[in-house]
Every structure is written in structure tokens, then in C-alpha cells.
Protein chains: 2
Amino acid sequence: MRQTDRSSAAAPAARVLDFAVLGLLHESPLHGYELRKQLNASLGSLRAFSYGSLYPCLRRLQGEGLITVDDSAAASKLSGRSKVVYTLTAEGKEHFTALLGEGGPSSWEDDSFGVHMRFFAQTDAATRLRILEGRRSRVEEKREGLRAGLSRTRERLDSYTLKLQEHGLESVEHEVRWLTELIDSERSHLTTTPPKD
Amino acid sequence: MRQTDRSSAAAPAARVLDFAVLGLLHESPLHGYELRKQLNASLGSLRAFSYGSLYPCLRRLQGEGLITVDDSAAASKLSGRSKVVYTLTAEGKEHFTALLGEGGPSSWEDDSFGVHMRFFAQTDAATRLRILEGRRSRVEEKREGLRAGLSRTRERLDSYTLKLQEHGLESVEHEVRWLTELIDSERSHLTTTPPKD
DNA sequence: TTCGTCATGTAATGGGTTACATGATTAC
DNA sequence: GTAATCATGTAACCCATTACATGACGAA
């Protein structure tokens, strides 16, 4: 047993924070502090990042040429504070769009799906559908795993563990229903407004 | 803004894995491989640990004198494989019971609440109640945060982000309801079988 | 004899937080 | 003038994963 057999996809983790930062900067230039606020507000319950990861991340992205410091914004000392305003470069834009359209397994993971969805408005219906369906499969797998485990061990579990597991299962089932609604609505979108039919 | 103001509780993190291992060994002696299976089975959807964290953890706990290698089990080569069977020491038992009964904020965190609940059968009703109520407050706080954020930004959000946030809110609300049920049932337990009244 | 599973471990790496250090600006 | 918030950053640490290395046992 290879410990976790999540296929041998060599994808380099596709850092969630990178993606999120790129996505926000794709909407408008921002400085670090504001970026973090937006980030934690819009990701809400899903995730919260600290400066200790944000600032190094910005530096890294800058090093990779995906973002630049917007000198014009920094220079105009209208409100004199020393802000470092970042903008997406052309490569940054390209990179982000690529990541967004990719819709591979990395966008289905628990921690990145929400972030991807946050930027759904910037994709096309087909990609959204692909991601939503991928996510649903993932969650359905999880559900099946839980169900199997539960029916296997139900008798041996004390009432608390049982309730815990059942609640977990319910949550997952709820997510599946939610995803299905989204998928249906997305599908009707597609058929009423066909992309190239 | 001190970044995250989770009070200045100096509690040394109360490592979840440690607690879980202690708890499982409190039920019966086990060797590493089996421990991991039990762990990932009973924590189910909540968490999954790898050997890379489990074995060092066992070593550490052993160093702290909380667990020992059960030589009798290792010596009896009935099924000759070289297993290293661990047992709780007296201090280990004490430590675990203390942690279990403590029911402080650390048992309300997302990642440790489930683990604590897994071992509820080994506590008293009062402690269970305390932990459940603590957890509920925590989740209610989260709910309020989400509601506030949502009502503040509802207009500015695109439909996808909105749906995402709303689903997050629903999940949290669902957990609150669930916890309330558990609390009520635990309360009636207490009143029908008073501990010292 | 080879494959799957049982079984134990280590080294490198990763992605993040905490706590700290610093200072400007705004509101009271 | 002082408290809160805005703003940027760094260094030390933490907890865990991944990938690797090793080997015994049972079944086909």
C-alpha cells in the first residue's frame, strides 16, 4: 500500500495561496495588507492566511515575473503611506487564466475548490461544469468511503463515535446535493446558451 | 490587530495526534501499523495520518514516559512478525484522563473536537456537556462572522461566491443544530441521572 | 517466484503559523 | 498624546507529508 494512492500526478501542488493572490490581482491591483483582508474575507470560512505566508509569497511571485510592483501607485503620494501595490504582469495574467481553465484534479481538492469557485465568474460555463463535476466525484468518493466504513463498523462503535460519523456523512451528502444543484443550473445554462453548437 | 487574537493561552498545542494515540492505546495495546489503521478508520473523514508522523510521535511519547513497548507481546513469537506493541504507562493513563477531562478551548478547535468526541465514552456527562457547549459557542461565533460578512458584502459578490458563502453558512448552521441536539440529550441524561444531587 | 500486504522506519521538504520588530497615520 | 489600525516584513518553529529504504510473510 503506497500509503496514499492519489495517483502519481506530478503536478507541483499548485499552491492555493499563489492562485488566490493571482486571482485577486487579476481583478484589481492591491497592496499586501489589503490583499490579505480581501483574501480572508472572500475565502471566509474556508481559509485564513497570515502575513508570514503572504509576503514571502508576493516576493516569490514577483521573482517569477508573474506580478510587479505598481510604481505609479506607489509614487503618487496622495495618501503618503508607503504601500507596495502589486499588479499582474502579462505572464501573470496568462498563467492565472491557464490555471483557472485547467480544471484538473487540483481544483477539486478540499482546500482549493473554494478558491477556484471564488473566481468562477472569470471562466466559461464548460470549465465551471468540469470543475464542479470533478469536485462532485471527489466528494462522492468520500461519501462512499464513509458509508462503507460505517456499515462495516456500525455495531462496534459507541454512540458518540457513531453520531460523529453520521454527522460527517450528512455534511458530505449535503455538499453533494449542493453541487448537483449547481451543476444542473450550469447545464441548463449551457444548453440555453450553447457555446458552439 | 494582533493578527489572530485567540487569547494568549500558552497551552502547548496539545497535539492532536498525541491525544489520539494515547486514546487508542487507552482502549488496547497496539503496534504502529495497526494504530494507524484504527486511527484513520475511526477519525474517518476528519483526519488521516501517515507513518512519517506516527512513528516519530510514538518515539516521542515513549521518551516522555507516557507509553512503553509491550515486550511480552513482542517476545511471544506466536505470529513471528516483528511488531512493536505499545501500551500506556500509568503516567500515560493519567495524562490522557487529564487531557480528556480538561475540556478547555483546545478541545473545541476544528481539528481536535472530533478526536475528543471519539473518546467521549470514556468521560463523564458533565465534561461532555462542557466540551459540546464550548464547541457550539465556537461554531456560533463562526456563524456570526459569516453572517456579518455576508450581509456586509452580499451586493458586491458575484453569484458563485455568494453561493459558496451561503453553503458555508448552511454547513455551520447544520453543525450548530446537531450540537444542540447532542447537548439536549446530554442534559436530559444529567437530570434523569444526577451525579451528586 | 512474484505479488500484495504487513510492518517499521528515516531524510528531505513543504507550507504554514507565531511571535517579533518597526513605524506611519487616523481618530478620539 | 495615546490607542487603534494600517502597513511591511523576518526568523524561528511546527506539524505533517512525500518519497525512500528495508524486509518478512502468505497466497497465487
Side-chain angles (χ1 to χ4, degrees), chain A residues 1-21 30-40 43 46-62 69-70 73-74 77-86 106 109-112 115, chain B residues 1-21 30-40 43 46-62 69-70 73-74 77-86 106 109-112 115:
Chain A
M1 199 211 285
R2 248 300 181 253
Q3 189 134 301
T4 39
D5 261 318
R6 302 187 179 290
S7 85
S8 48
R15 228 165 341 237
V16 202
L17 182 51
D18 287 23
F19 181 71
V21 166
L30 290 169
H31 59 275
Y33 190 88
E34 182 64 22
L35 203 45
R36 181 189 179 246
K37 271 191 14 186
Q38 299 255 20
L39 211 58
N40 292 347
L43 301 188
L46 296 163
R47 204 78 192 256
F49 294 98
S50 59
Y51 300 123
S53 51
L54 178 58
Y55 285 115
C57 168
L58 287 169
R59 205 85 45 75
R60 196 179 51 245
L61 291 175
Q62 201 184 343
V69 181
D70 187 340
K77 303 253 176 174
L78 297 172
S79 56
R81 278 206 236 70
S82 69
K83 292 181 187 174
V84 185
V85 176
Y86 295 93
S106 67
E109 304 290 326
D110 289 327
D111 54 345
S112 56
V115 183
Chain B
M1 200 210 289
R2 245 304 180 256
Q3 189 135 301
T4 39
D5 261 317
R6 303 185 179 291
S7 83
S8 48
R15 243 187 301 262
V16 202
L17 181 53
D18 286 23
F19 181 72
V21 165
L30 290 169
H31 59 275
Y33 189 88
E34 182 64 21
L35 203 45
R36 183 191 178 243
K37 270 191 13 187
Q38 300 253 21
L39 211 59
N40 293 347
L43 301 189
L46 296 163
R47 206 77 191 258
F49 294 98
S50 59
Y51 300 124
S53 51
L54 178 59
Y55 285 116
C57 167
L58 288 169
R59 204 86 45 76
R60 196 179 51 244
L61 291 175
Q62 201 183 345
V69 180
D70 186 341
K77 305 252 174 173
L78 297 174
S79 56
R81 279 206 233 69
S82 69
K83 292 180 188 174
V84 184
V85 177
Y86 295 94
S106 67
E109 305 290 326
D110 289 326
D111 53 347
S112 56
V115 183

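Order of the sequence lines fixes the chain letters, A, B, ..., with proteins taken first and strands second; residue numbering starts at 1 for each chain. Side-chain atoms are counted along with the backbone in the values below, which use heavy atoms only and exclude waters and symmetry mates.
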> To the nearest 10 degrees, how far apart in direction are the end axes of the helix from C:dT1-D:dA28 to C:dC28-D:dG1, each fit to five base pairs?
Replying inline: 30°

> Does A:Arg15 have a side-chain nitrogen or oxygen under 4.0 Å from the phosphate oxygens OP1 or OP2 of C:dG16?
Replying inline: no

> For the residue pair A:Val115 and A:Ala20, what are the closest heavy atoms and their distance?
Replying inline: CG1-CB, 3.8 Å

> If every non-hydrogen atom of A:Arg47 is compared with every non-hydrogen atom of A:Asn40, which pair is closest and at what distance?
Replying inline: O-OD1, 4.1 Å

> A:Glu34 CD to D:dT8 P: how many Å, rounded?
Replying inline: 10 Å

> A:Leu54 has an atom CG; how far is it from atom P of D:dG9, in whole Å?
Replying inline: 10 Å

>> Measuring from atom OH of B:Tyr86 to atom CD of B:Glu34, what distance do you get when rounded to the nearest 0.5 angstrom?
In response: 14.0 Å

>> Without decimals, in angstroms, what is the distance between A:Leu39 CG and C:dG16 C1'?
In response: 14 Å

> Under 4.0 Å between a side-chain N/O of A:Tyr55 and OP1 or OP2 of D:dT8, yes or no?
Replying inline: yes

> Among D:dT17, C:dT8, D:dG9, which nucleotide sits nearest the side chain of A:Tyr51?
Replying inline: D:dG9

> Between A:Asn40 (CG) and C:dG16 (P), how many Å, whole number?
Replying inline: 12 Å

> Between D:dT8 and A:Arg59, is there an OP1 or OP2 to side-chain N/O distance shorter than 4.0 Å?
Replying inline: no

>> Could you report the tightest heavy-atom contact between A:Gly52 and A:Pro56, atom names first, then the distance?
In response: O-CG, 3.2 Å

>> Under the side-chain contact (heavy atoms from CB on, under 4.5 Å) test against A:Leu58, which residue among A:Leu17, A:Leu35, A:Asp18 passes?
In response: A:Leu35

> With a non-hydrogen cut-off below 4.0 angstrom, is B:Arg60 in contact with a base, only sugar-phosphate, or nothing?
Replying inline: nothing

> Rounded to the Å, how far apart are B:Leu35 CG and C:dG9 P?
Replying inline: 12 Å

> Counting only side-chain N and O atoms of A:Ser53, is one of them less than 4.0 Å from OP1 or OP2 of C:dT17?
Replying inline: yes

> Side chain of B:Pro56: nearest nucleotide among C:dG9, C:dT10, C:dA7?
Replying inline: C:dT10

>> Between B:Arg60 and B:Cys57, is there a side-chain heavy-atom distance shorter than 4.5 Å?
In response: yes

>> Just the rounded figure in Å: distance from P of C:dG14 to CG of A:Leu17.
In response: 16 Å

>> Between C1' on C:dG14 and CG on A:Asp111, what's the gap in Å once rounded to a whole number?
In response: 13 Å

> OP1, OP2 of D:dC6 versus side-chain N and O of A:Tyr33: anything below 4.0 Å?
Replying inline: yes

> In whole Å, what is the span from the CZ atom of A:Arg36 to the P atom of D:dG9?
Replying inline: 15 Å

> Of the nucleotides C:dT8, D:dA7, D:dA16, which one has an atom closest to the side chain of A:His31?
Replying inline: D:dA7

> Between A:Phe49 and A:Leu43, does a side chain to side chain contact (heavy atoms under 4.5 Å, CB included) hold up when you go through it step by step?
Replying inline: CA-CA 10 Å; A:Phe49 294 98; A:Leu43 301 188; 3.9 Å; yes

